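Keep in mind that this is a model prediction, so the values were computed, not measured. Just so you know, ligand 1 is whichever comes first in the structure, and atom 1 is the first atom listed for that ligand.
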Amino acid sequence: MAAMIDRRAALEDGAIDPNVVKKQLIAAYPTKVARKRAKQIVINKEGEVPEIAANTRAIPGIITQRGCAYAGCKGVVLGPTRDFVNLTHGPIGCGFYSWLTRRNQTRPPTAEDPNFMTYCFSTDLQDENIVFGGEKKLRAAIQEAYDIFKPKAISVFSTCPVGLIGDDVHNVAKEMKEKLGINVFAFSCEGYKGVSQSAGHHIANNGIFKHVVGLDDTAPKEGKFRVNMLGEYNIGGDAFEIDRVLEKCGITPVATFSGNSTYDQFARAHTADLNAIMCHRSINYVAEMMEKKFGIPWIKINFIGAKSAAKSLRKIAKYFDDQELTDRVEEVIAEEMVEVEKVQAEIRKRCEGKLAMLFVGGSRAHHYQDLFAEMGMKTISAGYEFAHRDDYEGRKVLPGIKIDADSRNIEELEVHPDPDRYRPRKSAEQIEELAAKGFFFKDYEGMMAQMAEGTLVIDDISQYETERMIEIYKPAIFCAGIKEKYAIQKKGIPMKQLHSYDTGGPYAGFKGAVNFYEEIDRMVNSKVWSYLKAPWQTNPELAATYACQ
Ligand code: SF4
């Protein structure tokens with residue numbers, strides 16, 4: 001504890017100079033590696049966001065946190081949909097290791113409704129399939145899955161060897177679609193595409209947009225203020241909490257991409273009047289394409305943090321510009337904040353001023369800073385595994401981003417307005433009017449604009465850098481994933497998983513904020529961290545006493 005307080009004081013005095021820390025982090029690397037990492041480790045400046053290198057190839061052997069395109073496509077975007085059969089085409093590893101390891105929750109309305117999320121479907125390719133091709137086995141697997149489960153749709157996910165041996169998964173899917181009379185489509189999301197999960201998100205967005213969105217023009221769900229929640233994957237029940245709050249305000253959730261989602265939700269998503277984006281990285285492509293084809297505008301929102309949730313609800317109300325909705329939103333916020341403020345006041349006594357570090361995926365390292373700020377905690381360093389420059393620096397840098405050779409093979413779909421169904425939800429005058437009031441569409445200013453001067457922003461952090469950072473700063477809490485968790489805890493630093501939430505959640509919305517405050521308070525103030533050293537390591541006299549006895 002004393003060490004933590006000293007570190008804080010040192011930071012405030014400027015005794016820990018981030019420029020020196022950056023030099024220390026890269027000093028151990030060979031020159032070429034150090035040069036590359038130097039561009040991915042930047043010292044944040046308030047009011048003038050510096051450029052960061054992101055979405056570039058990971059350095060071989062550096063122990064990256066990253067996963068692959070298959071993980072981004074099958075694991076992240078399509079995995080949380082309960083009534084698709086998600087079939088992995090490849091050897092057994094990819095499907096097995098991604099089987100139920102993301103905590104996407106789902107809630108079928110009745111026990112009879114399909115839910116395939118608990119299964120792991122794989123073609124389990126063997127040596128002879130690599131030699132002679134796996135298309136025959138894929139056809140048979142699709143047929144078998146159909147015969148047993150009669151799903152609404154089957155999607156096929158390619159793993160590394162599939163692209164190398166030249167299996168035409170798209171043609172097999174087309175054939176089987178005609179044969180079975182259900183929607184069957186495939187993704188070329190081989191693990192080596194792009195440089196991280198990010199390529200898989202893009203491939204998934206393209207596929208779901210091309211094959212499912214807009215297939216059903218009926219909008220059976222009654223209700224005003226129809227909104228899609230994009231990039232919300234219902235980890236630990238986050239989407240349930242968001243839907244609860246939206247519905248309490250009188251806002252109608254149409255589709256969630258893709259927490260607790262179904263095939264029909266995607267097929268009818270184009271009937272909504274607004275797309276609200278939680279995770280910008282994984283889903284902005286679908287939002288852009290839905291706007292071009294159907295005229296649905298998108299806005300960035302954030303339901304992580306009670307204040308951010310309130311701000312997001314107000315933003316949605318402003319978009320619909322309806323007095324009744326605006327009043328209702330204020331009522332709901334006032335009601336929900338009572339409990340939030342009560343718990344906040346209590347935990348702040350124990351958490352105020354403590355330091356946090358966040359190195360997670362492509363959006364949470366930003367969103368969760370709001371929750372820590374509400375607890376009075378300071379984010380001293382943060383970064384993403386696979387975000388792009390626009391997630392760090394804001395969308396204003398988009399025109400200047402050059403797509404490098406590693407990402408050039410990810411298809412950009414050409415999308416045009418639908419001749420019959422394109423309907424702009426806001427006129428040019430309304431958009432101008434909203435802009436005059438400070439309301440902008442497609443507006444995301446990125447993580448760095450919100451971070452304090454002198455904080456370290458690190459893209460694709462390595463294991464070595466992780467360990468150096470915790471030795472130097474001794475943060476009160478470090479947030480990352482399962483691979484980092486135990487190495488960090490062994491160094492005596494509380495570690496919160498912000499992918500799986502450990503076993504907790506929800507952390508979104510108002511109830512989620514309360515859960516998070518309580519959980520972090522429990523972790524950072526636990527006595528367990530003071531027991532890491534045996535008594536005789538800190539007090540040699542005691543050792544001598546034991547020896548005498
Ligand atoms: S990198 Fe290739 S083999 Fe590994 S999980 Fe991804 S798709 Fe499977």
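- Side-chain N/O atoms of Q126 and D124 include a donor and acceptor closer than 3.5 Å.
- Counting the atoms of ligand 1 from 1 in the order shown, those under 4.0 Å from a heavy atom of C160 are 1 (S), 2 (Fe), 3 (S), 7 (S).
- The closest protein non-hydrogen atom to atom 8 (Fe) of ligand 1 is C94 SG, 2.3 Å.
- The backbone N or O of S261 sits nowhere less than 3.5 Å from a side-chain atom of S258 that would complete a donor-acceptor pair.
- Distance check for atom 1 (S) of ligand 1: a protein heavy atom is found below 4.0 Å.
- Side chain to side chain, N275 and N228 meet the donor-acceptor criterion of an N or O pair below 3.5 Å.
- Counting the atoms of ligand 1 from 1 in the order shown, those under 4.0 Å from a heavy atom of T159 are 7 (S).
- Because the distance cut-off is set at 2.8 Å, C68 fails to qualify as a neighbour of atom 8 (Fe) of ligand 1, as none of its N, O or S atoms comes that close.
- Side-chain polar atoms of N260 and T106 form a donor-acceptor pair below 3.5 angstrom.
- With hydrogens and angles left out, the side-chain atoms of D238 and Y501 include a donor and acceptor closer than 3.5 Å.
- Those atoms of ligand 1 with a heavy atom of G191 less than 4.0 angstrom away are 1 (S), 2 (Fe), 6 (Fe), 7 (S).
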